[in-house]
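Down below is the structure, laid out as structure tokens.
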Amino acid sequence: MREIKFRGQDRDKKWHFGDLHHYWDGSVGIREIENKYGFVVQPDTVGQFTGLTDVDGKEIFEDDIIQNTEYPDTVERVFMYEGCWSVGFYDDEANPLAWTLENAPFKVIGNIHDH
């Protein structure tokens with residue numbers, strides 16, 4: 001079974017990984033697995049784990065930027081499109097993420113929030 005987890009960035013730009021929580025006041029938080037308390041995060045930075053890893057074994061999350069290691073000029077953003085994890089920068093150029101990873105060596109080089 002695929003692991004379901006999220007990441008989000010707090011006001012200090014620190015990333016938190018774990019379960020997604022919606023609080024009564026409308027804020028969003030991440031409860032880290034090893035910590036019994038949640039951390040309030042910026043909602044626009046929340047991204048879900050895709051269940052896939054790059055060539056180095058690094059987990060790939062929504063809004064990550066991945067680079068083709070054979071063609072370094074090829075960089076794309078990871079996003080959800082029509083119910084599938086996809087890569088590209090616009091919906092009209094979306095390609096399935098799993099297909100892309102099977103056909104080329106990609107690695108995570110950052111995300112849209114830090115870069």
Side-chain angles (χ1 to χ4, degrees):
M1 177 165 30
R2 178 173 71 90
E3 181 178 15
I4 298 174
K5 66 179 171 181
F6 294 83
R7 72 173 178 197
Q9 204 174 47
D10 64 21
R11 288 186 188 156
D12 296 326
K13 303 288 185 189
K14 181 178 182 220
W15 286 102
H16 300 279
F17 299 83
D19 295 327
L20 181 66
H21 289 273
H22 294 273
Y23 299 112
W24 63 271
D25 64 355
S27 61
V28 177
I30 299 289
R31 184 180 160 277
E32 294 179 337
I33 295 158
E34 65 278 351
N35 191 331
K36 68 179 186 175
Y37 300 105
F39 295 90
V40 174
V41 296
Q42 300 173 52
D44 62 326
T45 66
V46 172
Q48 187 175 1
F49 175 48
T50 64
L52 301 168
T53 57
D54 69 2
V55 296
D56 296 328
K58 184 174 182 177
E59 295 176 334
I60 300 173
F61 283 82
E62 181 177 9
D63 290 333
D64 274 344
I65 303 296
I66 61 174
Q67 177 183 47
N68 184 326
T69 58
E70 291 179 357
Y71 303 97
D73 291 339
T74 304
V75 294
E76 299 179 288
R77 178 177 68 94
V78 176
F79 61 97
M80 178 68 70
Y81 179 69
E82 294 185 357
C84 297
W85 290 114
S86 303
V87 291
F89 279 96
Y90 305 101
D91 291 350
D92 61 346
E93 65 179 35
N95 293 304
L97 177 61
W99 177 85
T100 301
L101 294 174
E102 287 175 10
N103 291 292
F106 277 87
K107 76 182 279 180
V108 174
I109 60 169
N111 61 70
I112 66 169
H113 308 290
D114 290 334
H115 302 287

Test side chain to side chain contact (heavy atoms under 4.5 Å, CB included) applied to Y23 - qualifying residues, sequence neighbours left out
H21, D25, S27, V40
Heavy-atom side-chain proximity of K5 to F61 below 4.5 angstrom:
yes
Which residues pass the salt bridge (Lys or Arg N to Asp or Glu O under 4.0 Å) test with K107, sequence neighbours left out?
D56
Should F39 and F6 be regarded as members of a common hydrophobic cluster, given that ILVMFWY residues are connected when their side-chain heavy atoms come within less than 4.5 Å of each other, either directly or indirectly?
no
M80, L101: one ILVMFWY side-chain cluster at the under-4.5 Å cut-off?
yes
Just verifying a value: how many Å separate R11 CZ and T45 OG1, rounded to the nearest 0.5 Å?
12.0 Å
Pair D63 + R7: basic N to acidic O under 4.0 Å
no
Is a side-chain donor or acceptor of Q67 paired with a backbone partner of P72 at a separation under 3.5 angstrom?
yes
L20 side chain near I30 side chain, heavy-atom distance below 4.5 Å:
yes
Any donor-acceptor pair under 3.5 Å linking the side chain of Q42 with the backbone of D10?
yes
List the atom pairs, with distances to 0.1 Å, where a side-chain N or O of residues 46-53 and a protein N or O form a donor-acceptor pair under 3.5 Å, not counting sequence neighbours.
{"from": "T50", "atom 1": "OG1", "to": "L52", "atom 2": "N", "distance (Å)": "3.1"}
{"from": "T50", "atom 1": "OG1", "to": "I60", "atom 2": "O", "distance (Å)": "2.8"}

P96: which residues meet the side chain to side chain contact (heavy atoms under 4.5 Å, CB included) condition with it, sequence neighbours left out?
W99
All side chain to side chain contact (heavy atoms under 4.5 Å, CB included) counterparts of D114, not counting sequence neighbours:
Q9, W15, N111
Only counting residues at least two apart or in another chain, list the ones meeting side chain to side chain contact (heavy atoms under 4.5 Å, CB included) with E70.
N68, P105
Would you say D54's side chain and V108's backbone share a donor-acceptor pair under 3.5 angstrom?
yes
Under a 4.5 Å side-chain heavy-atom rule over Ile, Leu, Val, Met, Phe, Trp and Tyr, are V41 and I4 clustered together?
yes
Contact between F106 and E76 at the side-chain level, heavy atoms closer than 4.5 Å - yes or no?
yes
